[in-house]
Amino acid sequence: MGLILAIESSCDETAAAVVDETLCVRANVVASQHELHREYGGVVPEIASRAHLERIVPVIERALSDSGSGLSEVSGIATGIRPGLIGSLLVGVSAAKGLAWARGLPFHAIDHVAAHLFAGLLRERVDAQQSSTEALFPALGLVVSGGHTSLFVIEGPSECRLVGRTIDDAVGEALDKAASMLGLAHPGGPNLERLAETGDARALRFALPQLHNPLDFSLSGLKTKLLYEVRGVPQGRGASSVFLRTAADLEPARRADLAASFQRAAVAQVIDRIGRAADLYRPRALFVGGGVVANRTLRRELLALATERCLALVVPEPRYCADNAAMIAGYAQLRRRAGDQGDDLATPAEAVSILARGATPKRVQ
Ligand code: KG4
Ligand code: ZN
């Protein structure tokens with residue numbers, strides 16, 4: 001059996017998973033650090049890497065025991081090698097290299113963004129057949145997370161071409177900041193979604209940004225508009241300007257309306273960009289991934305768009321949207337299917353994704 005054990009530690013989740021060659025997930029363990037970072041309102045890199053160090057071995061052991069397999073049954077080790085916080089990445093990458101070296105196993109160095117893109121191919125039925133993905137290409141791919149908002153044309157699992165990206169904040173980052181403006185705790189995205197449920201999404205209108213590349217994204221204008229709605233227009237100039245109120249001064253119903261309106265605007269921008277890209281590239285399928293895809297409003301709109309345009313929608317279960325190691329193992333399995341034998345143990349961890357930079361490598365790691 002071609003089981004791959006994968007490790008993921010690029011940000012604030014310590015994760016390990018075991019996935020077989022049919023992309024069936026045998027084990028998926030995620031130790032989240034949200035509680036460690038909450039009082040700071042965002043991820044503190046030094047705290048994150050120390051927590052990874054404490055958790056990495058128990059998380060790997062738990063994944064192996066959940067899968068019912070020992071290391072002797074594993075035939076490859078994969079890890080997210082980039083992008084991410086470098087101190088965090090180094091913990092998972094070092095653990096993966098150590099395991100691969102000690103056991104003499106192939107080492108798969110995986111791009112986290114590419115792994116998010118193909119997480120929708122993961123499955124949970126053990127008896128499922130290995131299915132071909134060829135009929136799905138060419139496809140569009142969208143990754144929307146806390147660190148990335150990128151739109152790709154995908155010719156195959158190793159051929160992704162960047163056609164649009166955010167020129168300022170990632171969608172998840174903007175949702176997190178909007179949540180913070182509204183007085184919600186970290187992580188903001190899911191809390192904003194909860195508050196938005198009781199609000200009127202038409203209470204505040206946001207314009208769709210018109211950019212030089214119509215497939216690019218911009219969230220900064222939305223954020224400024226929300227800030228002024230929540231806190232009022234600042235009085236005074238420059239460093240001495242002050243806001244006259246805080247989120248706590250708003251009625252609860254108004255906060256819910258603003259949350260719903262902001263979420264609606266972010267989702268509308270994502271759907272608009274995919275629609276434009278579908279007109280241009282005539283894809284057969286739409287692959288989506290990243291933490292924001294756990295959002296129910298976005299999932300509903302993606303499904304409606306895919307149905308309207310007869311696109312196969314390849315969307316992960318919510319548990320495989322946010323950072324996890326199953327997607328890393330799954331992408332390593334796809335590369336292996338294409339004949340990939342693994343990477344050099346000297347491959348370094350990197351803070352930035354070559355995919356997100358818009359490079360068009362022949363072979364995406
Ligand atoms: O993929 P991910 O776990 O980490 C990165 O690679 O960045 O994505 C995390 C992002 C955060 O910004 C988080 O607020 C957002 O995904 N997110 C959500 C939801 N769940 C997570 N945003 C909106 N609605 C959600 N339900
Ligand atoms: Zn991610």
Side-chain angles (χ1 to χ4, degrees), residues 6-15 17 28 30-34 37-38 41-43 45 48 79-85 88-89 92 110-120 122 141-150 165-166 169-182 184-197 199 201 217 219 222-223 259-260 262-270 287-302 315-328 330-331 351-353 355-356:
I7 298 168
E8 153 65 35
S9 69
S10 63
C11 189
D12 61 341
E13 260 93 28
T14 319
N28 182 46
V30 181
S32 145
Q33 304 176 4
H34 291 157
H37 302 282
R38 187 158 287 139
V43 178
T79 188
I81 199 113
R82 62 161 183 262
L85 302 171
S88 290
L89 278 171
I110 300 297
D111 187 293
H112 180 98
V113 176
H116 268 308
L117 264 185
F118 293 96
L122 293 169
L142 171 85
V143 175
V144 269
S145 69
H148 304 281
T149 295
S150 307
R165 62 180 146 186
T166 180
D169 283 15
V171 172
E173 185 183 1
L175 290 169
D176 290 341
K177 288 176 181 167
S180 159
M181 285 178 213
L182 289 164
L184 302 172
H186 170 82
N191 289 333
L192 188 92
E193 178 176 29
R194 220 162 291 128
L195 179 61
E197 272 162 21
F217 299 75
L219 283 302
L222 270 60
K223 267 186 338 188
F262 190 88
Q263 176 178 276
R264 183 188 195 219
V267 168
Q269 191 174 150
V270 169
F287 286 70
V288 292
V292 181
V293 176
N295 184 278
R296 287 186 297 277
T297 305
L298 178 59
R299 293 175 84 86
R300 211 170 40 239
E301 296 286 325
L302 286 168
V315 57
E317 291 294 322
R319 63 185 155 284
Y320 303 128
C321 289
D323 287 351
N324 66 89
M327 68 182 192
I328 303 287
Y331 191 63
V352 182
S353 166
L355 273 180

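Counting starts at 1 for both ligands and their atoms, following the listed order. These numbers come from the heavy atoms of this one structure, side chains and all, not from hydrogens, waters or symmetry mates.
The shortest distance between side-chain heavy atoms of D12 and S88 does not fall below 4.5 Å. Within the 4.5 Å cutoff, the side chain of L192 has heavy atoms near those of the Q263 side chain. Side chains of E193 and R296 form a contact here, defined as non-hydrogen atoms less than 4.5 Å apart.
Distance OH/Y331 to CG/L117: 8.0 Å, rounded to 0.5 Å.
For a threshold of 3.5 Å applied to N or O pairs, the pair formed by G189 and ligand 1 contains at least one separation below that value. On a distance-only criterion, S145 and ligand 1 share at least one N/O pair closer than 3.5 Å. Backbone and side-chain nitrogen or oxygen atoms of G291 are examined, and one is located within less than 3.5 angstrom of a nitrogen or oxygen of ligand 1. For ligand 1, none of its N or O atoms has an N or O atom of L175 under 3.5 Å away.
Residue H116 approaches ligand 1 through these ligand atoms, each under 4.0 Å from one of its heavy atoms: 1 (O), 6 (O). Each of the following atoms of ligand 1 lies closer than 4.0 Å to a heavy atom of H112: 6 (O).
For R38, the CZ atom sits in a packed shell: over 12 heavy atoms of surrounding residues, nucleotides or ligands are nearer than 6.0 Å.
Among all protein heavy atoms, the one lying closest to atom 24 (N) of ligand 1 is N295 ND2, 3.0 Å. The closest protein non-hydrogen atom to atom 25 (C) of ligand 1 is E193 OE1, 3.7 Å. For atom 10 (C) of ligand 1, the closest heavy atom belonging to the protein is G146 N, 3.3 Å.
If you look at the Zn ion (ligand 2), the protein N, O or S atoms less than 2.8 Å from it are H112 NE2, H116 NE2, D323 OD1.
Neither the backbone nor the side chain of H148 comes within contact range of ligand 1; no heavy atom lies under 4.0 Å. Residue contacts with ligand 1 for D176 involve side-chain atoms from C-beta outward but no N, CA, C or O (heavy atoms, distance under 4.0 Å). If you look at Q263 next to ligand 1, there are no close heavy atoms at all, none under 4.0 Å.
Nearest to atom 4 (O) of ligand 1 by heavy atom, out of T149, D323, N324, D12, is D323. For the residues V113, T297, V292, L298, the heavy atom positioned nearest atom 15 (C) of ligand 1 is part of V292.
Under the 30°/60° scheme for interplanar angles, the aromatic rings of H148 and H112 are found to be tilted.
A side-chain donor from one of H116 and D323 sits under 3.5 Å from a side-chain acceptor of the other.
Across P83 and S10, no two heavy atoms sit closer than the pair O-CB, 3.5 Å.
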